[in-house]
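Everything numeric in this text was worked out from a predicted model, so none of it was measured.
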Amino acid sequence: MEIAKNGTPEIRKVIVIGSGPAGLTAALYSARANLKPLVFEGSQPGGQLMITTEVENYPGFEHGIMGPELMDIMRKQAVRFGAESVFRNIVKADLSNRPFKITDEEGKEYFAETLIVSTGASAKWIGIDSEKKFMGYGVSSCATCDGFFFRGMKVVVIGGGDTAMEEANYLTRHASEVILIHRRNEFRASKIMQDRSKSNPKIRFVLDSVVEEILGKEEENKKYVTGVKVKNVKTNEISEIDCSGVFVAIGHKPNSDIFKGSLEMDENGYLITKKSSSETNIEGVFACGDVQDHYYRQAITAAGTGCMSAIDAERYLELKEYELSKA
């Protein structure tokens with residue numbers, strides 16, 4: 001555990017778990033409030049933007065910016081004001097007593113008066129090598145983020161739930177054609193989403209089929225998608241579909257497992273926060289970003305909730321100090 005100069009365990013004012021746009025914004029605001037936050041960056045420092053190439057919809061960057069570069073700038077900005085980054089995973093969180101105790105992967109313990117949870121959510125992938133190879137170079141899990149890059153092009157969406165239908169419909173604003181590939185003949189999506197997709201003339205369905213391989217080329221350090229190899233699960237017939245982009249829309253999993261049994265979450269594992277705040281069911285614990293937002297899932301909205309959580313934590317600490325002074 002961290003030990004203060006007097007030999008007792010050091011108790012941090014604010015600990016932030018997670019380092020995407022939400023976590024680093026929370027760290028920035030906390031640092032500027034002189035709270036000296038400790039940020040655990042985890043196994044994917046920078047969050048999902050680290051596997052994104054160009055980000056064109058983040059305000060302030062007229063000509064776009066690469067995802068990893070944006071996260072590096074955010075980190076440096078937070079550190080400039082006094083935030084401290086630790087590149088380790090938190091594997092355990094004891095929220096039953098104050099100060100809160102968290103434990104990293106090496107068994108080291110840390111204590112905090114407030115905790116900001118910004119652990120994000122991980123996109124579910126189909127799990128083939130070519131998917132990893134072209135991730136960020138034609139393979140995406142976010143139509144809102146990347147659909148603009150495929151104007152006038154043919155794209156593929158993989159999935160059969162509401163997310164896949166929403167992604168497919170959104171992509172028709174940009175793409176010339178959207179081919180939705182689903183492993184079954186029936187969809188899990190709600191009827192209204194199915195009807196909307198089936199009535200969209202730019203969406204074509206390829207059912208009872210799975211993507212076996214994502215096809216593409218590598219030329220002079222440039223990678224791009226050219227199509228997909230598809231297998232019909234009933235006939236085993238293999239075919240190829242030409243496309244310039246592949247959107248995997250089989251859902252996301254919030255990174256909230258270590259908080260099961262302590263923080264309230266919905267049936268899918270997303271943390272529940274009080275209306276118009278970042279407060280969780282435990283006083284002094286705040287949540288922001290994709291771990292509590294399954295609807296928007298954008299860098300800018302994550303950053304906004306990161307700001308909220310830092311302000312909520314600061315005001316909570318001020319209130320506790322005031323109550324102590326009056327005791």
OH (Y110) and CD (E10) are apart, to the nearest 0.5 Å, by 10.5 Å

Whether D266 side chain and I272 backbone form a donor-acceptor pair below 3.5 Å:
no

In this structure, CD1 of I102 is separated from CG of L95 (nearest 0.5 Å) by 9.5 Å

Correct closest heavy-atom pair for A313 and F286 would be CA-CE1, 3.6 Å

- Salt bridge D129-K133, side-chain N to carboxylate O under 4.0 Å: no

Practice problem: With the side chain counted from C-beta on, respond yes when F111 and K101 share a heavy-atom pair under 4.5 Å apart, and no when they do not. | Solution: yes

Practice task
Answer whether the closest heavy-atom distance between the side chains of L207 and F187 falls below 4.5 Å.
Solution key: yes

task: Flag the pair F205 / H182 as yes when their ring centroid distance falls below 6.0 Å, and as no otherwise.
output: no

Between the CD atom in E131 and the CD1 atom in I158, the distance rounded to the nearest 0.5 Å is 7.0 Å

Check this for me: does any side-chain nitrogen of one of K13 and E113 sit under 4.0 Å from a carboxylate oxygen of the other? yes

Tell me whether K202 contacts the main-chain N or O of T172 through its side chain, where contact means a donor paired with an acceptor under 3.5 Å. yes

Here the pair of heavy atoms bringing G161 nearest to A189 is C-CB, 3.5 Å

| request: Salt-bridge test for D293 and R297: reply yes if a basic N is under 4.0 Å from a carboxylate O, no otherwise. | output: no

Would you please test K320 and R98 for side chain to side chain contact (heavy atoms under 4.5 Å, CB included) and show each step? CA-CA 12 Å; K320 288 301 174 185; R98 293 183 178 82; 6.0 Å; no

Next item on the list: Check for a donor-acceptor pair, side chain of T273 on one end and backbone N or O of T280 on the other, with a separation under 3.5 Å.
Entry: no

Whether the side chain of Q298 engages the backbone of Y296 through a donor-acceptor N/O pair (distance < 3.5 Å, no angle test) should be reported.
yes

query: Take atom CG in L319; do more than 12 heavy atoms of anything else shown fall under 6.0 Å from it?
result: yes

- For K234, does its backbone N or O pair with a side-chain atom of D208 as donor and acceptor, under 3.5 Å? no

State, with a plain yes or no, whether a side-chain heavy atom of E177 is found less than 4.5 Å away from one of I179.
yes

Check your understanding: Do V285 and I311 belong to the same hydrophobic cluster, where Ile, Leu, Val, Met, Phe, Trp and Tyr are linked whenever their side-chain heavy atoms lie under 4.5 Å apart, directly or via other members?
Key -> no

From the list T163, V178, I203, V246, side-chain contact (heavy atoms from CB on, under 4.5 Å) with V157 holds only for V178

>> What I want to check is whether the side chains of N89 and E105 have a donor and an acceptor closer together than 3.5 Å.
In response: yes

Is any side-chain N of the basic residue among R315 and E279 closer than 4.0 Å to the acidic one's carboxylate O?
no

For S197 and N169, the nearest pair of non-hydrogen atoms, with its separation, is OG-ND2, 2.8 Å

field: Donor-acceptor contact present, side-chain R32 to main-chain Y29, <3.5 Å
entry: no

When every non-hydrogen atom of E283 is compared with those of Y316, the smallest separation belongs to CG-CE1, 3.2 Å

(message) Using only atom types and a distance under 3.5 Å, with no angle test, would you say the side chain of N281 pairs donor to acceptor with the backbone of E264?
(response) yes

Hey, is the main chain of N255 close enough, under 3.5 Å, to the side chain of T119 for a donor-acceptor pair? yes

Exercise for review: Measure from NZ or CZ of R173 to the centre of the six-membered ring of Y170, then state whether that distance is under 6.0 Å and the direction lies within 45° of the axis.
Suggested key: no

Of R188, K198, E166, the one forming a side-chain contact (heavy atoms from CB on, under 4.5 Å) with M193 is E166

Rounding to 0.5 Å, atoms CE (M66) and CE (M71) come to a distance of 14.0 Å

Quiz item: Any side-chain donor-acceptor pair under 3.5 Å between E213 and S130?
Solution: no

Look only at the side chain of T25 and the backbone of A22, and say whether a donor-acceptor pair between them is shorter than 3.5 Å. no

Taking every heavy atom of A287 against every heavy atom of L271, the minimum-distance pair comes out as CB-CD1, 3.9 Å

Verify, without hydrogens or angle tests, whether E212 (side chain) and K231 (backbone) share a donor-acceptor contact under 3.5 angstrom. no

Nearest heavy-atom approach of S209 to I181 is O-CG2, 3.6 Å

Rounded to the nearest 0.5 Å, the CD1 atom of I128 sits from the CZ atom of F134 at a distance of 10.5 Å

Here the gap from K76 atom NZ to R80 atom CZ, rounded to the nearest 0.5 Å, amounts to 13.0 Å

